[in-house]
Each structure stands twice: as C-alpha cells, then as structure tokens.
Amino acid sequence: EEDNACIGRRGPVNMVKEMPHTFTYADVDPARARRGMPTGGRYAAEQVRKWRDRGYCVRGEQPGTWVKTEKGENLK
C-alpha cells in the first residue's frame with residue numbers, strides 16, 4: 001500500500017496545514033499536485049480565494065503573498 005501524506009488518520013488533511021505561515025500561489029501548486037488536483041495559476045488562485053473566504057488566510061504585505069490567520073494556523 002502506497003504511503004499517502006494527504007490522507008490523515010481521520011480523513012483528508014487540509015492543504016492549509018501544509019502551507020508555510022507566509023505563502024504564495026507557487027506554494028499551493030505542489031500541494032494540489034500531490035492530491036492529483038489540477039495545477040496552475042487559475043486553480044491556485046481559486047484555492048486561496050476559498051481559504052480567504054473561510055478565514056484561513058489574508059493578503060500579505062508583499063504583493064502576491066498570503067499569511068495564515070490564527071484560524072488557519074490552528075486547524076485540526
């Protein structure tokens with residue numbers, strides 16, 4: 001059986017947990033690829049928009065960067 005880092009003991013692991021505290025769209029693509037999801041600018045942007053809407057991240061000070069919120073840092 002293949003080891004799959006994307007699947008936790010109780011189901012899929014939220015991709016936000018894999019992101020560093022400050023991340024870019026380029027950091028999102030490898031996590032999506034590991035899950036067999038489409039990659040590329042549009043897909044990464046849509047993913048980050050979902051995280052932003054759920055309160056997991058906010059725009060960083062530098063253009064194109066995102067910073068995890070306390071909610072995003074403390075995902076179970």
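Identified under the salt bridge (Lys or Arg N to Asp or Glu O under 4.0 Å) test for residues 63-74, with sequence neighbours left out: K68-E73.
P20 approaches D27 most closely through the heavy-atom pair CG-OD2, 4.3 Å. In terms of heavy-atom proximity, D29 sits nearest to A44 at OD1-CB, 3.9 Å. Of all the heavy atoms in P38 and R32, the pair that sits closest is O-NE, 2.7 Å.
To the nearest 0.5 Å, atom OH of residue Y25 and atom OG1 of residue T65 are 10.0 Å apart. Taking CE of M19 as the reference point, atom CD of Q47 lies at 8.5 Å (rounded to 0.5 Å).
Side-chain contact between K50 and M15: absent, with no pair of heavy atoms (C-beta onward) separated by less than 4.5 Å.
With sequence neighbours left out, R52 forms a side-chain contact (heavy atoms from CB on, under 4.5 Å) with R49, C57, W66.
Checking side-chain atoms of T69 against main-chain N and O of G55 turns up a donor-acceptor pair under 3.5 Å.
Each of V58 and V28 belongs to its own hydrophobic cluster when Ile, Leu, Val, Met, Phe, Trp and Tyr are linked at side-chain heavy-atom distances under 4.5 angstrom.
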